[in-house]
Amino acid sequence: MDPQSRPLKTFLLVDDDDAFRTRLVKALQKRGLAVHAARSGEQALAIAARAPPQAAVFDLRMAGLSGLDLVPQLA
């Protein structure tokens, strides 16, 4: 299948490490994915409320809401 014709998957990427988050966003976008990035659990919830993601990848250990705290709230 031509990468240009496949439907975009919407990802929510949550990580408090700015450099890692930036690299991963670029890598996912190069593969044709629509990526919303957040640096905290609270920011992730605000983004998900506006644009529910089809999938989410998040850091398990963050200040405030951890990745584990996000699982039930995003599900």
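Comment: D15 does not engage R39 in a salt bridge, judged by the lack of any side-chain N to carboxylate O separation of less than 4.0 angstrom.
Placement of F20 and M62 in two distinct hydrophobic clusters is found when ILVMFWY residues are connected by side-chain heavy-atom separations under 4.5 Å, directly or transitively.
Q29 places no side-chain N or O within 3.5 Å of a backbone atom of A34 that could act as its donor or acceptor partner. The backbone N or O of T10 lies less than 3.5 Å from a partner atom in the side chain of Q54, making a donor-acceptor pair.
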Steps toward side chain to side chain contact (heavy atoms under 4.5 Å, CB included) verdict (V35, L24): CA-CA 10 Å; V35 182; L24 193 50; over 6 Å; no
Quick one: do Q73 and L65 satisfy side chain to side chain contact (heavy atoms under 4.5 Å, CB included)? Show the steps, please. CA-CA 10 Å; Q73 294 186 48; L65 287 175; 4.0 Å; yes
Apply the test side chain to side chain contact (heavy atoms under 4.5 Å, CB included) to residues V71 and F58: give CA-CA distance (whole Å), side-chain angles for both, the deciding distance (0.1 Å), then the verdict. CA-CA 9 Å; V71 171; F58 39 79; 3.5 Å; yes
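With L74 as the fixed residue, the side-chain contact (heavy atoms from CB on, under 4.5 Å) test singles out one of V14, D69, L45: L45.
Looking only at side-chain heavy atoms (C-beta outward), D59 and D16 come within less than 4.5 Å of each other.
Here the closest heavy-atom approach between residue L12 and residue A48 is recorded as CD2-CB, 4.3 Å. Here the closest heavy-atom approach between residue A37 and residue I47 is recorded as O-CD1, 3.4 Å. Across all their heavy atoms, H36 and A51 have their closest contact at NE2-CB, 4.1 Å.
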